[in-house]
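Right, one structure below, let's go through it.
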Amino acid sequence: MSRRRQALLLPGRNYSVQGPLLMYTHVALQSRGAHTYPIAWKDVDRIAADEHGMVEGVCEQTEAVLDRVHNDDPPLLVGKSLGSAAAILAAHHGLPAIWFTPLLQHYPIVQALRRATAPFLLIGGSADPAWNQTLAKDLPGEFREIRGADHGMFIRGRPLIDSAHALADVIEAVEAFIDTAVWPRQG
């Protein structure tokens, strides 16, 4: 059986898989031959209401898709904000991951990131209250901080082109991570 590259796209609470971070990552993954599985959270307000419900709800819904797609080539998890609660699954199953604006203020997520054995990339903005650069530096994965970016990866109070450049920096980091840590390109 041939190995298939696969990735699960895990949105945020108010950030769908059509948002630019996940949409551009989706295109980058498809250009590398990966099949992507976008998730739409069921009852998102309920699962986002408290930390325990968030972890349980995100993991349960992600695990249902993971059970259908997991083969001998571990899928990549790509999550935005709320989706970063699936870091628990990534740590448990040894899955590589990309976490946009991860919820680093939530202990179960941070503990899962500390236990991770597969490569992961954290991307956050210095103006995002959920981001913690000191903590991100101490975790075993790679990280990229976008100076001045908020939780939506916008640089408020600046010309829109600055946010577009920030998005370009994010996508450059994502492609480099995919090509070196997840599916290294054969030279």
Side-chain angles (χ1 to χ4, degrees), residues 7-32 34 36 38-41 44-45 47-51 54-55 58 62 76-87 90 96-110 112-114 116 119-183:
L8 278 64
L9 302 175
L10 315 172
R13 179 179 187 173
N14 297 308
Y15 194 98
S16 76
V17 295
Q18 287 83 31
L21 296 170
L22 293 171
M23 186 272 297
Y24 279 105
T25 302
H26 168 85
V27 172
L29 292 165
Q30 285 192 323
S31 74
R32 288 155 175 82
T36 56
I39 292 179
W41 303 125
V44 70
D45 290 333
I47 66 173
D50 65 79
E51 185 176 282
M54 175 185 64
V55 168
V58 166
T62 303
L76 170 68
L77 299 184
V78 182
K80 165 75 171 92
S81 187
L82 177 68
S84 69
I98 299 170
W99 305 118
F100 296 115
T101 64
L103 301 178
L104 297 180
Q105 75 275 30
H106 292 288
Y107 182 77
I109 294 172
V110 172
L113 293 169
R114 289 189 196 288
F120 67 85
L121 172 64
L122 303 174
I123 298 178
S126 64
D128 178 0
W131 182 250
N132 180 327
Q133 182 194 58
T134 303
L135 178 58
K137 281 181 181 178
D138 288 342
L139 293 169
E142 298 179 34
F143 83 97
R144 182 70 158 285
E145 180 177 90
I146 305 301
R147 199 171 84 215
D150 65 12
H151 197 66
M153 230 11 91
F154 286 101
I155 301 175
R156 305 281 175 192
R158 302 281 309 149
L160 192 53
I161 192 70
D162 290 351
S163 293
H165 288 301
L167 178 60
D169 290 345
V170 167
I171 299 310
E172 182 178 56
V174 165
E175 288 191 303
F177 179 76
I178 292 168
D179 292 341
T180 59
V182 181
W183 300 310

Return yes if some donor-acceptor pair links the side-chain N/O of Thr36 with the main-chain N/O of Ala7 below 3.5 Å, else return no. no
May I ask you to decide if Leu21's main-chain N or O and Tyr15's side chain share a donor-acceptor pair within less than 3.5 Å? yes
The reported gap from CG in Asp45 to CG in Asn14 (rounded to nearest 0.5 angstrom) is 8.0 Å
Would you say Asp179 and Arg32 make side-chain contact, with heavy atoms under 4.5 Å? yes
For the residue pair Gly12 and Ser81, what are the closest heavy atoms and their distance? CA-CB, 4.5 Å
Hey, are the side chains of Ile47 and Leu82 touching, using non-hydrogen atoms and a 4.5 Å cut-off? yes
Qualifying side chain to side chain donor-acceptor pair (under 3.5 Å) pairs, either residue in residues 129-143, two or more places apart: Trp131-Glu145, Gln133-Glu145
For Ile155, does its backbone N or O pair with a side-chain atom of Ser163 as donor and acceptor, under 3.5 Å? yes
A side-chain contact here means heavy atoms from C-beta on lying under 4.5 Å apart; do Leu113 and Leu122 qualify? yes
Give the C-alpha distance, both sets of side-chain angles, the deciding distance and a yes or no for side chain to side chain contact (heavy atoms under 4.5 Å, CB included) between His26 and Leu9. CA-CA 8 Å; His26 168 85; Leu9 302 175; 3.6 Å; yes
Worked check of side chain to side chain contact (heavy atoms under 4.5 Å, CB included) between Ile123 and Val174: CA-CA 9 Å; Ile123 298 178; Val174 165; 3.8 Å; yes
If every non-hydrogen atom of Arg144 is compared with every non-hydrogen atom of Leu121, which pair is closest and at what distance? N-CD1, 4.4 Å
In short, Thr62 meets Trp41 closest at the heavy-atom pair OG1-CH2, 3.5 Å
Interatomic distance, Leu167 atom CG to Met23 atom CE [nearest 0.5 angstrom]: 8.0 Å
Spatial distance of atom CZ (Arg114) from atom CG (Leu135) [nearest 0.5 Å]: 5.5 Å
Supply the atom-to-atom distance Thr25 OG1 to Leu76 CG, rounded to the nearest 0.5 angstrom. 9.0 Å
Are side-chain heavy atoms of Leu103 and His151 found at a separation under 4.5 Å? yes
Mind listing the closest non-hydrogen atom pair of Trp99 and Ala90 along with its distance? CZ2-CB, 4.1 Å
For Val55 and Ala85, the nearest pair of non-hydrogen atoms, with its separation, is CA-CB, 4.1 Å
May I ask you to check whether over 12 heavy atoms, not counting those of Arg13, lie within 6.0 Å of atom CZ? yes
Roughly how far apart are Leu22 CG and Leu29 CG, rounded to 0.5 Å? 10.0 Å
For the student: nearest non-hydrogen atoms of Ala166 and Ile146, plus distance: CB-CG2, 3.5 Å
Rounded to the nearest 0.5 Å, what separates atom CD1 in Ile109 from atom CG in Leu139? 11.5 Å
